[in-house]
Amino acid sequence: MKFTELVRRGQLNLVKAGIQDADNDAWLLMETVCQISKVDYFTKMNDEVPKEMEEEYFNAIAKRTTRYPLQYILGEWEFMGLRFKVNENVLIPRQDTEVLVENVIRTIVECSTERGVKLDILDMCTGSGCIAISIAKNCPDVFVTGVDISPEAIEIAKENAQLNGVTNVKFVQSDLFQKLGDPVNKVYRQYDIIVSNPPYIRTAEIEKLMPEVRNHEPRLALDGSDDGLEYYRRISMQSIMHLKQDGCILFEIGHDQAKSVLEMMVRNGYRDLKAIKDLAGKDRVVIAHKW
């Protein structure tokens, strides 16, 4: 079979299965399986595809028709211009989250200018490490700590740090702030900035999500309890003791959660709060300061 026929059949199989962006998915799977770029494809489109490669490609197409996420089949995905390994132990990085990272980087620049010191950043619920690593890569003068309850996620995050050549980051397996100091004796590890994209989907809403998400992405990283706010409550209550004076916290939020999250942060002692919208005009990030 020639490359041109390979891609055409892959696209048709995905279309029949009702896969959105079937053409794009078929191309990306071909590029990965056949290790060929689109530029190379146009010079080799009439070449015969090796049998083993053909079989591997159609196996990948068949897996995608079951609504298994494209990103997990590929084994990696792009975020902030960087490549990240992904599997079922971590959420797939999403473009919406880049709004959070961009605002963290902007805040780091402002704080560094004002304070003239190397900043300590904490990424809570780090998952694949895409937030922590993107911050560390773009701000080499800071040190970032990524925390997640999942040991499997921590291992992926460590691999991603190595993949992206980032050394100013470390990862800690912990249930939120549990291992960041000694809360029993009121000893708290403190940071200049805390950032978090916690689980925030309402439990009842998870079954309404696309099958790629509800059946394959880790429930632990999605489920924010009945109202979707459980982790905001826990983090906003505990984080105040882990922030330095004049420090700030930034959350990614669901589009309808800004008011609730900002109110609970006020109750926990935060001031100078605001919500930031994404490119679609929806509330996506909240930021608050400790004075």
So L82 and K137, side chain to side chain contact (heavy atoms under 4.5 Å, CB included) or not? Walk me through it. CA-CA 9 Å; L82 304 173; K137 189 78 171 181; 4.0 Å; yes
Would you say [X]'s side chain and [Y]'s backbone share a donor-acceptor pair under 3.5 angstrom?
X    : Y    : answer
K290 : I240 : yes
H289 : D272 : yes
S174 : K179 : yes
D148 : G127 : yes
Q257 : G254 : yes
K118 : V142 : no
N168 : A136 : yes
Y41  : E31  : no

Identify the heavy atoms of [X] and [Y] that sit nearest to each other, and give their distance.
X    : Y    : result
F251 : I249 : CZ-CD1, 3.7 Å
N160 : S128 : ND2-O, 2.9 Å
N164 : R83  : ND2-O, 2.9 Å
P198 : Y232 : CG-CE2, 3.5 Å
S134 : F79  : OG-CD2, 3.4 Å
E5   : R8   : OE2-NH2, 2.9 Å

Which of these, E159, E155, Q162, sits in a side-chain hydrogen bond (donor to acceptor under 3.5 Å, both in side chains) with K85?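 It is E159, the one option of E159, E155, Q162 that forms the side-chain hydrogen bond (donor to acceptor under 3.5 Å, both in side chains) with K85.
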Could you measure the distance from the [atom1] atom of [X] to the [atom2] atom of [Y]? Nearest 0.5 Å is fine.
X    : Y    : atom1 : atom2 : answer
I121 : I131 : CD1   : CD1   : 12.5 Å
E102 : N138 : CD    : CG    : 9.5 Å
T107 : L250 : OG1   : CG    : 5.0 Å
K274 : L262 : NZ    : CG    : 11.5 Å
I193 : C139 : CD1   : SG    : 8.5 Å
E230 : I235 : CD    : CD1   : 10.0 Å

By the side chain to side chain donor-acceptor pair (under 3.5 Å) test, which pairs, at least two apart or in different chains, include something from residues 198-207?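 Pairs touching residues 198-207 that pass the test: Y200-E252, Y200-R284, R202-D256, T203-D223, E205-K208, E207-R219.
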When hydrophobic residues are tied together by side-chain contacts of less than 4.5 Å, even through go-betweens, does [X] share a cluster with [Y]?
X    : Y    : answer
V213 : I206 : yes
V169 : V195 : yes
I92  : I201 : no
V15  : I19  : no

Check L176, I149, L91 against C125 for a side chain to side chain contact (heavy atoms under 4.5 Å, CB included) and give me the one that passes.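 Only match with C125 under side chain to side chain contact (heavy atoms under 4.5 Å, CB included): L176.
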Of the options N13, D25, L12, which is the one that meets I61 in a side chain to side chain contact (heavy atoms under 4.5 Å, CB included)? N13
Is the shortest side-chain heavy-atom distance between [X] and [Y] below 4.5 Å?
X    : Y    : result
N197 : D123 : no
E55  : N59  : yes
E78  : F84  : no
I154 : V172 : no
D283 : H255 : no
V99  : N103 : yes
L229 : M264 : yes
V86  : P93  : yes

Go through the steps for R234 and D175 under the test salt bridge (charged side-chain N to carboxylate O under 4.0 Å, His left out), then give the verdict. CA-CA 11 Å; R234 292 177 62 191; D175 183 2; 3.1 Å; yes
Just checking, any donor-acceptor pair under 3.5 angstrom between side chains of S239 and Y191?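 No donor-acceptor contact under 3.5 Å links the two side chains.
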Taking atom types as modelled, is there a side-chain donor on T43 or D40 under 3.5 Å from an acceptor on the other?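 No, no side-chain donor-acceptor pair sits under 3.5 Å.
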Please determine whether side chain to side chain contact (heavy atoms under 4.5 Å, CB included) holds for the pair T126 and V147, giving the CA-CA distance in whole Å, both sets of side-chain angles, and the decisive distance to 0.1 Å. CA-CA 5 Å; T126 196; V147 172; 5.8 Å; no
For F177 and R189: C-alpha separation, side-chain torsions, deciding distance, then whether side chain to side chain contact (heavy atoms under 4.5 Å, CB included) applies. CA-CA 9 Å; F177 298 91; R189 177 76 171 86; over 6 Å; no
In terms of the angle between their ring planes, are F42 and W27 parallel, tilted or perpendicular, with boundaries placed at 30° and 60°?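 Tilted: the ring planes of F42 and W27 meet at 30° to 60°.
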Side-chain donor-acceptor pairs of residues 66-73 under 3.5 Å, sequence neighbours excluded:
from : atom 1 : to   : atom 2 : distance (Å)
T66  : OG1    : K63  : O      : 2.5
R67  : NE     : E212 : OE1    : 3.3
R67  : NE     : E212 : OE2    : 2.8
R67  : NH2    : E212 : OE1    : 3.2
Y68  : OH     : E88  : OE2    : 3.1
Y72  : OH     : N87  : O      : 3.4
Y72  : OH     : V90  : O      : 2.6

Which pairs would a plain distance check flag for residues 45-54, meaning a side-chain donor or acceptor within less than 3.5 Å of a matching protein atom at least two apart in sequence or in another chain?
from : atom 1 : to : atom 2 : distance (Å)
E48  : OE1    : M1 : N      : 2.8

